[in-house]
Amino acid sequence: VARVKPIVAVKSGRTTAGTRAASSHTAAMASSDGAVDALFRQTGVIRVDTLEQLLDTAQLLAHQPLPAGRRVAIVCNAGGPGILAADACVGAGLEVPELAAETQQRMQAFVNPDASVRNPIDLVAGAPADAFEQAIRVVLADPAVDAVLAIFVPPLVTRADDVAAAIAAASTDAGSKPVVACFLGRDGVPDALRGGSGGRPVPSYAFPESAAHALARAADLADWRRRAPGSVPDLDDLDVDAARALVTERLADAGPDGVWLDATDAAALCRCFGVPVVATHRVTSADDAARVAVEIGFPVALKAGASDIVHKTDVGAVALDLVDAEAVRSAYDGIAARLGAEMGGAIVQPMVPTGIETIVGVTHDRSFGPLVMFGMGGTTAELVRDRALRVLPLTDVDAAELVRSLRASPLLFGYRNSPAVDVAALETLLLRVGRMADELPELVEMDANPVIVSAAGAIAVDLKMRLAAPPLLPPAALRRMRT
């Protein structure tokens with residue numbers, strides 16, 4: 001719907017008075033409000049924070065075209081409000097570029113000698129109404145301007161109604177560029193801006209920040225509409241039947257809270273969907289661990305085998321870079337001494353080449369069902385909380401946006417001469433995890449943390465997966481019902 005008719009939403013309930021104790025990194029980092037943001041972002045819904053912003057944004061969308069870009073020209077008769085407007089525009093994700101030399105020269109032909117014409121354009125306090133009209137026409141003709149914000153501060157020498165009429169007259173030639181006005185401190189729209197003479201109505205705001213926010217939201221919608229919709233790709237090497245059989249077997253005797261899969265079952269389930277996972281070998285003694293390590297080759301990692309330990313590092317349940325059999329035995333005995341019966345045996349894995357640690361997860365939202373999360377991983381995942389969410393089904397465009405949506409995403413693309421990683425492999429891994437969550441509604445929680453991403457590819461190193469009766473039918477099931 002949002003591709004043909006704008007949808008603006010104000011959503012309450014951004015915070016909760018209390019949350020359950022999180023049993024995985026993904027559950028701890030994926031709030032219900034984050035799910036709302038993810039859904040709105042994917043579907044082009046413009047989210048605003050207040051009812052005032054709701055009406056401000058709707059006023060613009062109802063009467064003006066969407067901007068072709070984010071470059072705004074600000075025309076005003078006072079320097080201070082112009083600077084505030086520029087700050088508000090940049091803060092909302094818009095641009096206030098310096099105008100082209102030709103545009104500035106055209107402006108200087110009719111403005112006061114004390115005026116500033118670089119952008120923001122300060123016509124000075126005594127500027128007559130026709131100066132507003134000429135200035136707006138000039139900046140609208142500049143191909144490097146996508147939208148115009150006109151700000152009027154009532155002085156003693158110029159009537160507000162005359163300026164409103166001038167803005168309305170100039171906007172008749174705006175074409176596909178939106179024009180908005182700010183009559184500082186004045187509520188309501190001046191009559192001349194209501195479009196009664198055949199021109200389109202010009203939204204008017206009491207404060208420049210309101211106008212900037214509305215323009216930014218319109219630019220967001222324009223960006224979303226230009227975005228390719230993407231598609232849910234066909235993935236090969238899937239064994240959905242084997243995955244369903246494993247899930248059914250493990251849930252047969254599970255309680256109401258479901259069951260946490262052990263490391264080998266979690267790896268097997270991932271492999272059913274082609275999710276690359278480091279080789280995982282379960283052992284039950286120090287000698288067994290040493291024997292397996294010799295077979296797979298050093299160096300190796302040794303981890304406690306219990307499936308319900310959330311933060312293994314915090315409790316001393318992980319030993320890395322073990323280089324010989326004696327080191328493996330010593331590490332096993334050390335973990336056993338710390339954890340006792342809670343150790344649950346151990347798993348032995350070959351060490352993975354160094355790369356960037358990320359986290360890929362699945363969680364269920366009560367309203368929207370399964371969500372896929374991507375973020376920066378490792379032991380600081382919850383501390384940094386650099387993550388993004390998407391609602392299923394996951395398209396190729398969604399996967400690409402996830403990879404590029406973090407504050408730390410530049411690390412994946414060769415930040416400051418560091419080697420770039422195999423981004424395509426990471427995107428494919430995300431799509432496969434999304435497909436797994438779509439096909440298996442019983443997969444209510446999953447952490448793949450870390451997923452090591454390097455130039456050689458992307459591989460999950462540590463897995464936590466919980467199966468339980470699904471709270472909602474998943475999108476895949478709903479699609480099957482519709483067909």
Side-chain angles (χ1 to χ4, degrees), residues 23-25 239 242-255 258-352 360-362 377 433 436 440 442-443 445-452 459-468:
S23 51
S24 68
H25 294 288
D239 194 344
R244 291 229 55 84
L246 191 155
V247 169
T248 301
E249 182 179 350
R250 294 298 176 268
L251 282 177
D253 299 319
V259 60
W260 287 97
L261 295 182
D262 65 29
T264 50
D265 281 343
L269 194 61
C270 283
R271 291 191 184 100
C272 289
F273 289 89
V275 177
V277 180
V278 67
T280 301
H281 305 271
R282 173 164 286 279
V283 296
T284 56
S285 69
D287 288 340
D288 196 17
R291 177 186 57 78
V292 169
V294 170
E295 290 176 357
I296 65 176
F298 295 100
V300 300
L302 180 76
K303 306 173 185 178
S307 58
D308 55 352
I309 300 176
V310 179
H311 305 291
K312 290 186 173 71
T313 304
D314 291 355
V315 295
V318 178
L320 304 177
D321 290 309
L322 304 175
V323 296
D324 56 39
E326 188 55 38
V328 172
R329 291 190 184 92
S330 178
Y332 189 102
D333 291 339
I335 295 174
R338 284 188 291 274
L339 300 183
E342 295 180 1
M343 179 179 177
I347 58 171
V348 180
Q349 298 173 321
M351 289 297 297
V352 174
V360 176
V362 174
V433 170
M436 178 166 56
L440 302 177
E442 300 89 349
L443 178 58
E445 266 184 277
M446 171 184 170
D447 270 351
N449 183 32
V451 172
I452 303 294
I459 188 166
V461 174
D462 198 78
L463 293 169
K464 284 182 59 64
M465 303 176 78
R466 182 169 70 91
L467 305 178

**Student:** To the nearest 0.5 Å, how far apart are CH2 in Trp260 and CG in Leu467?
**Tutor:** 9.5 Å
**Student:** Just verifying a value: how many Å separate Met446 CE and Lys464 NZ, rounded to the nearest 0.5 Å?
**Tutor:** 12.0 Å
**Student:** Quick one: does Thr248's side chain have a donor or acceptor within less than 3.5 Å of a partner on Arg244's backbone?
**Tutor:** yes
**Student:** Restricting to non-hydrogen atoms, name the atom on Ala460 and the atom on Leu463 that form the minimum distance, rounded to 0.1 Å.
**Tutor:** CB-CD2, 4.1 Å
**Student:** How close do Arg282 and Ala263 get, heavy atom to heavy atom, and via which atoms?
**Tutor:** NH2-N, 4.0 Å
**Student:** Output all residues satisfying side-chain contact (heavy atoms from CB on, under 4.5 Å) with Leu320, sequence neighbours left out; order by chain, then residue number.
**Tutor:** Ala301, Val318, Met351
**Student:** Taking all non-hydrogen atoms of both residues into account, name the closest pair between Val328 and Phe298 and its distance.
**Tutor:** CG2-CE2, 3.9 Å
**Student:** Between CE of Met343 and CD1 of Ile335, what distance do you get to the nearest 0.5 Å?
**Tutor:** 5.0 Å
**Student:** Going by atom types only, do Thr264 and Asp262 share a side-chain donor-acceptor pair under 3.5 Å?
**Tutor:** yes
**Student:** Going by heavy atoms in the side chains, are Tyr332 and Asp288 under 4.5 Å from each other?
**Tutor:** no
**Student:** Asn449 versus Asp462: any side-chain heavy-atom pair under 4.5 Å?
**Tutor:** no
**Student:** Supply the atom-to-atom distance Asp265 CG to Glu249 CD, rounded to the nearest 0.5 angstrom.
**Tutor:** 8.0 Å
**Student:** Answer whether the closest heavy-atom distance between the side chains of Leu440 and Leu269 falls below 4.5 Å.
**Tutor:** yes
**Student:** Is the closest side-chain heavy-atom distance between Met465 and Arg250 below 4.5 Å?
**Tutor:** no
**Student:** List the atom of Ala267, the atom of Thr280, and the distance in Å for their closest heavy-atom pair.
**Tutor:** CB-OG1, 4.4 Å
**Student:** Locate the shortest heavy-atom distance separating Val278 from Arg271; write the atom from each residue and the value.
**Tutor:** O-NH2, 3.6 Å
